[in-house]
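Notes follow the structure.
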Amino acid sequence: MARPHKGPRGFIATRAPECQHNIYEQRARDVGLPSGDYAVLVLALVHGFDVPDYIIVQLDPESLHRLDPRQYTSSDDQVDRLVAAVERRSRPQQLRMVGT
């Protein structure tokens, strides 16, 4: 199955000390993200950017709770926007009957 296109992006390559790398990989697994997407999520929070939509669609409220985004940013507004976006995406859509 093909992965959905994530839009135009730049490439960041980095190596972490092995003891840290293992922790980063585990944290990514804990929230259900590939390690690269986890890194982008944390970098966005640390630098005050909105989290990209292609990451939001991979998160659910429980994984967001495990992440505890407030540890990465001092901006309550930023965290509130992220939580609202994840909750909106995870809420089942109401079905409307057409023609009734």
Side-chain angles (χ1 to χ4, degrees):
M1 185 168 154
R3 291 184 184 184
H5 182 62
K6 295 180 179 180
R9 298 171 292 147
F11 180 74
I12 300 172
T14 187
R15 295 192 181 270
E18 196 164 311
C19 60
Q20 293 175 14
H21 175 266
N22 294 336
I23 292 168
Y24 302 150
E25 289 287 333
Q26 183 59 53
R27 292 284 287 162
R29 282 191 299 274
D30 289 347
V31 296
L33 293 174
S35 58
D37 289 353
Y38 173 75
V40 170
L41 168 65
V42 171
L43 286 169
L45 291 170
V46 166
H47 291 281
F49 295 116
D50 287 335
V51 175
D53 289 340
Y54 70 86
I55 293 175
I56 289 173
V57 299
Q58 298 176 74
L59 295 170
D60 59 48
E62 180 57 33
S63 63
L64 195 58
H65 178 73
R66 286 191 303 272
L67 173 67
D68 185 18
R70 294 189 195 283
Q71 69 181 320
Y72 300 104
T73 181
S74 60
S75 170
D76 286 341
D77 282 346
Q78 184 184 25
V79 172
D80 292 344
R81 283 193 312 272
L82 175 60
V83 168
V86 169
E87 287 177 349
R88 252 191 327 275
R89 193 215 50 88
S90 66
R91 227 179 272 134
Q93 296 295 320
Q94 297 247 342
L95 296 178
R96 243 180 27 190
M97 298 295 286
V98 177
T100 58

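- At a threshold of 4.5 Å between non-hydrogen side-chain atoms, the residues Leu82 and Ile56 count as touching.
- The closest side-chain donor-acceptor pair between Arg29 and Gln26 falls under 3.5 angstrom.
- Looking at every heavy atom in both residues, Val57 comes nearest to Arg89 through CA-CD, 3.0 Å.
- Contact record, Ser35 with Ala28: CA-CB, 3.8 Å, taken as the closest heavy-atom pair.
- Contact detail for Leu41 and Leu67: the closest heavy-atom pair is CD2-CD2, 3.4 Å.
- Criterion: ILVMFWY side-chain heavy atoms under 4.5 Å apart, direct or through other members. Under it, Ile12 and Val51 are not part of a common hydrophobic cluster.
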Does Asp76 form a salt bridge (Lys or Arg N to Asp or Glu O under 4.0 Å) with Arg70? I'd like the steps, not just the answer.
CA-CA 7 Å; Asp76 286 341; Arg70 294 189 195 283; 3.1 Å; yes
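- Here the straight-line distance linking atom CG of Asp60 with atom CZ of Arg66 works out to 6.5 Å at 0.5 Å rounding.
- Between Leu45 and Pro69, the shortest heavy-atom distance links the atoms CD1-CB, 3.9 Å.
- Under the 4.5 Å side-chain criterion, counting only non-hydrogen atoms from C-beta, Asp37 is in contact with Lys6.
- Few gaps surround CD on Gln20; more than 12 heavy atoms of other groups in view lie less than 6.0 Å from it.
- Under the 4.5 Å side-chain criterion, counting only non-hydrogen atoms from C-beta, Val40 is in contact with Tyr54.
- Both Val79 and Val46 belong to a common hydrophobic cluster when Ile, Leu, Val, Met, Phe, Trp and Tyr are linked at side-chain heavy-atom distances under 4.5 angstrom.
- Enclosure of atom CZ in Arg15 is not indicated, since only 12 or fewer non-hydrogen atoms of other residues, nucleotides or ligands lie within 6.0 angstrom.
- Across every non-hydrogen atom of Gln58 and Pro34, the tightest pair is OE1-CD, 3.3 Å.
- The two atoms that bring Gln78 and Phe49 nearest to each other are NE2-O, 2.6 Å, heavy atoms only.
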